[in-house]
Amino acid sequence: MNLEALTAASKRVVGIKQTGKALQRKQAAAVFLADDADPRITDPIRRECGEQGVEIVPCETMQALGKACGIHAGASAAAILKA
């Protein structure tokens, strides 16, 4: 999976809080994490993905992840939601 899949996804969430909520609700199909994001922020998401078997897709920068989501700010995390 790559950033194009995130851009094309009809259902997605952007940001650490929304991605965390999607994981709690078991709605996340894949999670995208920015490599340059603070590990203190992304590590809990990474652990939850591991526990649930959700694919983690790395992204080089927060700026690139934000752009793929259609926002002008950087994003630490985003998720494609299950249909």
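As the structure is a computational prediction, the values presented were derived from the model and not from experiment. The first residue in the sequence is number 1, and the count goes up from there.
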Item to check | Distance, nearest 0.5 Å, that separates NZ of K82 from NZ of K11 | outcome: 12.0 Å
Checklist entry - A37 and M62: which non-hydrogen atoms are nearest, and at how many Å? => result CA-SD, 3.9 Å
Checklist entry - So, Q52 side chain and L23 main chain: donor-acceptor pair closer than 3.5 Å or not? => result yes
Checklist entry - Do the non-hydrogen side-chain atoms of I80 and L6 ever get within less than 4.5 Å of each other? => result yes
Next on the checklist: Is there a side-chain contact (heavy atoms from CB on, under 4.5 Å) between T61 and D35? Walk through the geometry before answering.
Outcome noted: CA-CA 6 Å; T61 65; D35 291 339; over 6 Å; no
Checklist entry - Looking at OG of S76 and CD1 of I16, how far apart are the two atoms once the value is rounded to the nearest 0.5 Å? => result 5.0 Å
Item to check | Closest non-hydrogen atom pair between P44 and P39, with its separation | outcome: CD-O, 4.4 Å
Checklist entry - Hey, what do you get for CD1 (I71) to CD (Q63), rounding to the nearest 0.5 Å? => result 8.5 Å
Checklist entry - Passes side-chain contact (heavy atoms from CB on, under 4.5 Å), V31 versus I45? Steps please. => result CA-CA 9 Å; V31 170; I45 299 292; 3.8 Å; yes
Checklist entry - Under 3.5 Å, side chain of T7 to main-chain N/O of A68, donor-acceptor pair present? => result yes
Next on the checklist: Could you check whether any side-chain heavy atom of L3 comes within less than 4.5 Å of a side-chain heavy atom of C59, counting everything from C-beta outward?
Outcome noted: yes
Next on the checklist: Using a 3.5 Å distance criterion without hydrogens, assess whether the side chain of K67 forms a donor-acceptor pair with backbone atoms of G74.
Outcome noted: no
Next on the checklist: Applying a strict under-4.5 Å side-chain criterion to I, L, V, M, F, W and Y, I'd like to know whether L65 and M1 cluster together.
Outcome noted: yes
Checklist entry - Hey, is the main chain of R46 close enough, under 3.5 Å, to the side chain of D43 for a donor-acceptor pair? => result no
Checklist entry - Between atom CZ of R12 and atom OG1 of T19, what is the distance when rounded to the nearest 0.5 Å? => result 11.5 Å
Next on the checklist: Surrounding CD of E60 (heavy atoms of other residues, nucleotides or ligands, distance under 6.0 Å), is the total greater than 12?
Outcome noted: no
Checklist entry - What are the two closest heavy atoms between A75 and A34, and how far apart are they? => result O-CB, 3.7 Å
Next on the checklist: Does Q27 form a side-chain contact (heavy atoms from CB on, under 4.5 Å) with V13? I'd like the steps, not just the answer.
Outcome noted: CA-CA 10 Å; Q27 295 175 329; V13 293; over 6 Å; no
